[in-house]
Amino acid sequence: MPEKLLSRFSRASFTLPHLRFLSPQSSLSLRSLHNFIAPTSQKSPFTLSRSVAAATAMDSSSSTPCKLVLCGKSSAENEIAKSLMNNNTLKLPDNVQVSTLLHSEIINKQQRQDEESFCIERFMNSLSTNQFGRLLIWSPILPSTHDVVSNNFGELPIGTVCVADVQYKGRGRSKNVWESPAGCLMFSFTIQMEDGRVVPLLQYVVSLAVTEAIKDVCDKNGLPRIDVRIKWPNDLYLNGLKVGGILSTSTYKSKKFNVSTGIGLNVDNEKPTTCLNAVLRELSAAACTLRREDIVAAFLNKFENFYDLFINGGFQTLEELYYKTWLHSGQRVIIQEKNENQVVENVVTIQGLTSSGYLLAIGEDNQMCELHPDGNSFDFFKGLVRRKLE
């Protein structure tokens, strides 16, 4: 068993075909956005701010440490938070300095967060899980929430979640940079799994939990449902535009897979594409908007339920709902394959997913096949490898 296994599809080692859509879809070009946090006043009370300036970047050479605020759902998690702080346990890569605070200290010292920052109390009041999210790490600005949970995996309880108001080194698939402006929901959390065969399917459970959580929050607030859809394997689309994505990575240690999953979702930032609240304003005259705290809590509540079904009953327990949410049922695509010195085009129609999580499709000759990404294309559908099934 390899020491490190990425929770994504493996690259094919043979000649790669080219695939194009019969109905083209738009793609999102991601560029890095550099932000910084304004110095906090030394007077009490003071504000933990997420002020942003696109022209200035905070990097590993900065003398300003990243603030990590810890909070637990119960006294047990708060004791863990206290131990993490007292022992200076949490580290970040590239020698980024860390300053750890307890949420209770902020309250006791009458420090306050600005109105746009993540509201920890609101999140905790909305959380109803037994495991996921019960220890929260919040920061006004970070290189990456994924770095926090993955680099400190062994020191954190399983299910720990890290949320940032702004991140400046967010990661997407294939080392792409995820643009993370203020208003975007960015969080990562930890999971531990034993069966490596189902690790690649986890991202589908996460994607589905995100879309269902958004519906739950809309229903709870009496708002029109926002129809966020899943683009295989790990993107979230709204009205034809990308509004979110999921990245899962894992390491194999002591016969277990330590999975770090990161989610980015455009909640209140209309750039670079669109966001949930922009679409909500088009659907409703009400002044109510979706808040990041409510969505994270609703996601973790929903994910814990879905994850239990997934582990105990397999992904088939969620397949029906997943297919109602994804974009691809009945989608016809053209695969270009080399046959000696000629390029042959074959049309296949997507039917669903195989048991291993790849696309299941059928050709015009009624031959069933499994479609694998080539591992090179930014858009998975721009390069698929076809493997015929018996």
Side-chain angles (χ1 to χ4, degrees), residues 30 32-38 40 47-54 56-60 62 64-71 81 84 90-94 96-103 106 113-124 127 132-133 135-153 156 159-172 177-190 210 243-249 260-269 271 275 290-297 299-300:
L30 300 177
S32 61
L33 178 72
H34 297 296
N35 307 286
F36 80 108
I37 179 171
T40 53
T47 300
L48 293 177
S49 174
R50 69 166 186 173
S51 302
V52 177
T56 305
M58 186 177 183
D59 56 30
S60 58
S62 172
T64 304
C66 285
K67 288 186 174 67
L68 301 180
V69 179
L70 311 182
C71 183
L84 292 170
L90 301 181
K91 308 296 181 185
L92 286 173
D94 302 323
V96 174
Q97 297 182 44
V98 174
S99 173
T100 308
L101 302 170
L102 297 179
H103 182 241
I106 296 176
Q113 297 169 232
D114 66 21
E115 293 181 357
E116 293 184 333
S117 289
F118 189 86
C119 181
I120 295 175
E121 294 90 344
R122 186 181 182 111
F123 165 76
M124 286 298 177
L127 188 71
F132 293 100
L135 178 62
L136 168 72
I137 303 172
W138 168 76
S139 178
I141 184 166
L142 272 178
S144 165
T145 60
H146 200 275
D147 285 345
V148 174
V149 298
S150 62
N151 280 268
N152 299 283
F153 195 102
L156 300 171
T160 296
V161 62
C162 178
V163 181
D165 288 340
V166 173
Q167 62 178 18
Y168 55 93
K169 287 186 180 180
R171 285 185 289 160
V177 176
W178 179 266
E179 187 169 323
S180 308
C184 181
L185 170 59
M186 298 153 289
F187 67 102
S188 300
F189 67 106
T190 61
V210 173
V243 293
I246 290 93
L247 174 69
S248 289
T249 62
S260 302
T261 295
I263 296 150
L265 182 65
N266 295 353
V267 175
D268 203 31
N269 55 298
K271 301 295 183 181
C275 66
L290 301 180
R291 291 183 57 110
R292 293 175 300 141
E293 304 90 335
D294 297 340
I295 294 175
V296 179
F299 164 79
L300 293 165

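Counting heavy atoms from C-beta outward, Leu136 and Phe118 have side chains that approach closer than 4.5 Å. Inter-residue side-chain proximity for Thr145 and Ile263 is flagged as unmet; no heavy-atom pair is nearer than 4.5 Å. With a 4.5 Å cut-off on side-chain heavy atoms, Asp147 and Asp94 do not count as touching. Contact check for Leu92 versus Leu142: side-chain heavy atoms found under the 4.5 Å cut-off.
When the ring-ring contact (aromatic ring centres under 6.0 Å, His included) test is applied to Phe299, the partners found at least two apart in sequence or on another chain are Phe187, Phe189, Phe303. Ser260 is linked by a side-chain contact (heavy atoms from CB on, under 4.5 Å) to His146, Val149, Ser150, Phe153, Thr249, counting only residues two or more places apart in sequence or in another chain.
The heavy-atom pair separating Glu293 from Ser117 by the smallest distance is OE2-O, 3.7 Å. In terms of heavy-atom proximity, Leu70 sits nearest to Ala81 at CD1-O, 3.4 Å.
When atom types are taken as modelled, the side chain of Thr190 and the backbone of Gly159 share a donor-acceptor pair closer than 3.5 angstrom. Between the side chain of Ser139 and the backbone N or O of Leu68 there is no donor-acceptor pair closer than 3.5 Å.
One finds the CG atom of Asn266 at 9.5 Å from the CE atom of Met186 (value rounded to the nearest 0.5 Å). We find the SG-CG distance between Cys71 and Leu102 to be 9.0 Å, quoted to the nearest 0.5 Å. Rounded to the nearest 0.5 Å, atoms SG (Cys162) and CG (Leu156) are 9.0 Å apart. The SG atom of Cys66 lies 11.5 Å from the CG atom of Leu90; values are rounded to the nearest 0.5 Å.
Look at Asp165 and Arg292 and you find a salt bridge, because one of the NZ, NE, NH1 or NH2 atoms lies within 4.0 Å of a carboxylate O, short of that distance.
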* Derivation of the side-chain contact (heavy atoms from CB on, under 4.5 Å) call for Cys275 and Val267 -> CA-CA 5 Å; Cys275 66; Val267 175; 5.9 Å; no
* **Stepwise side-chain contact (heavy atoms from CB on, under 4.5 Å) check, Val98 with Lys91** => CA-CA 7 Å; Val98 174; Lys91 308 296 181 185; 5.9 Å; no
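Checked options Thr100, Val161, Val148; the residue passing with Ile137 is Val148 (criterion: side-chain contact (heavy atoms from CB on, under 4.5 Å)).
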